[in-house]
Amino acid sequence: MSEDSLLDHALVRLDDAARHLNIDPDVIEKLKFARETTKARLMIRMDDGSRKSFLAWRCRYDDTRGPTKGGIRFHPSSTIDEVETLAFWMTFKCAVMNLPYGGGKGAVQVDPRQLSKAELERLARAYIQAFARTIGPDRDIPAPDVYTNAMIMGWMADEYAQIVGQAEPAVITGKPIALGGSLGRNDATARGGYYLVRHLAGELGLGDGMRVAVQGFGNAGQFIARLLAGDGHKIVAVSDSEGAVFAPNGLDVGALLSAKASGKSVLSTVGSNGHEALAADALIGVDCDLLVPAALENMIHEDNAAEVKARIILELANGPVTSEADAILEKRGVVVLPDILANAGGVTVSYFEWVQNRQGFYWPLEEIHDRLRAIMEREGRAIWGVSKDKDVSMRTAAYVHALSRLAEAIEAHGTQSFFVT
Ligand code: NAD
């Protein structure tokens, strides 16, 4: 593993948390490495008759607390290091929320925008053919992530059903509603972050009419903009992979959503409703109260952390703030609501989907929202308490909170003192 691998950066946070707990060294030894990472080459027939292969992985990082759970990402720059790091985060995220899961993750190294719809379906099915023995409703349960969606989950669930010879909707979450998906899964990640901010607004010093900047305008970014704008907050800047738009008096969120729905960049709205173009990198430094990174990892780093003007960062993306940037932000008094708490609404409603699939009994939307809100508030409040008691950042507090649950489970299998007396 190279010095600056993504997983090394992630493990810094494990060490930080361990310093605040009296846990057995076995726990750290177990959590430092992925339990199992499977690699495959997916070979599919392209529309022009040729064959093409794509690298793919599935990682089951740790399953002490239950079957592993985590999304599948389709991205041209995915690597095994990224997959294992995301699976490590999932291990902690599920423990933060007290879900009966370990952490997993998968990826295909592909730019899905270069594939036709039919090629995308073949790739999704090939992924399941390759990893059918890794996944399973009691073993490892995938879900959507960057550039994968409900339709892809539907193809994957169908392919799994073909292989095992019976419907197994609980093998994968984030499915279309008609195929056993849960109500409320589409906006769950953003909604969880929204409930968290709303619940801790007093403690965080956030009030009415907040100014908000959102980096990344995909699933998570669009829904958080919509929810916060619905409460009368001003979305002053948003970006996607092509650039950023800015309006000091608030962007027209409806216009941005329609642009994305018709396959265009947010940049296509420049010139109307007072929208101005902004360099994509400049979004981090926009004058606002709440900054929401909702794109990819490592977007706030040591070279731009000093530019952040927001007082609060809500990490809807996974790993958007590097550990070096964390230190700079903490010194400047910026509170980071960390990914393993802030974006855990997605996996929580995925858990609800899995429970409903296994029960064969489906809950109304209000019940999903109420249950999600209760969990976000309970764990958010507990982590706020740890952060005050131990005088640590919300990130360290979230890791301490999760690590104490993981440690309890790992230690329940016996520690050195049990075996050597
Ligand atoms: P998505 O593919 O729907 O959206 C990603 C967005 O980021 C797109 O708008 C893309 O154009 C934009 N983007 C890419 N590179 C960018 C850049 N350099 N600058 C600005 N924008 C850029 O993905 P998503 O599902 O919304 O996921 C976003 C993040 O949230 C990821 O880190 C993902 O792991 C995390 N997350 C998502 C979920 C979920 O349920 N969707 C759950 C937990 C965490």
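Numbers for residues simply follow the sequence, beginning at 1. Counting convention: from 1, in listed order, for ligands and their atoms alike.
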Does at least one non-hydrogen atom of [X] fall below 4.0 angstrom from an atom of ligand 1?
X      : value
Met299 : yes
Glu242 : no
Arg185 : yes
Ser239 : yes

Atoms in ligand 1 flagged as close to [X], the criterion being non-hydrogen separation under 4.0 Å:
X      : result
Asp145 : 33 (C), 34 (O)
Phe217 : 6 (C), 9 (O)
Ala220 : 26 (O)

Listed once per pair and sorted, the side-chain hydrogen bond (donor to acceptor under 3.5 Å, both in side chains) pairs that draw on residues 224-239, sequence neighbours left out: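 Qualifying pairs, neighbours excluded: Tyr194-Asp231.
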
side-chain hydrogen bond (donor to acceptor under 3.5 Å, both in side chains) partners of residues 206-217, not counting sequence neighbours, each pair once: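 Of all non-adjacent pairs touching residues 206-217, none passes side-chain hydrogen bond (donor to acceptor under 3.5 Å, both in side chains).
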
Of all the non-hydrogen atoms in the protein, which one sits nearest to [atom], and at what distance?
atom                    : answer
atom 29 (C) of ligand 1 : Ala295 O, 3.1 Å
atom 35 (C) of ligand 1 : Leu316 O, 3.5 Å
atom 42 (C) of ligand 1 : Thr189 OG1, 3.1 Å
atom 15 (N) of ligand 1 : Ser241 CB, 3.8 Å
atom 21 (N) of ligand 1 : Asp240 C, 3.2 Å

Donor-acceptor pair between Ser393 and Thr396 side chains, under 3.5 angstrom: yes

Polar side chain donor-acceptor pair, Ser323 to His9, under 3.5 angstrom: yes

Lys260 atom NZ, over 12 foreign heavy atoms within 6.0 Å: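 Above 12, so yes.
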
Within 6.0 Å of NZ in Lys309, more than 12 heavy atoms from elsewhere: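 Atom NZ in Lys309 is crowded, with more than 12 foreign heavy atoms closer than 6.0 Å.
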
Geometric class of the Phe352/Trp363 ring pair [parallel <30°, tilted 30-60°, perpendicular >60°]: tilted

Plane angle bin for Tyr351 and Tyr101 - parallel if under 30°, tilted between 30 and 60°, otherwise perpendicular: perpendicular

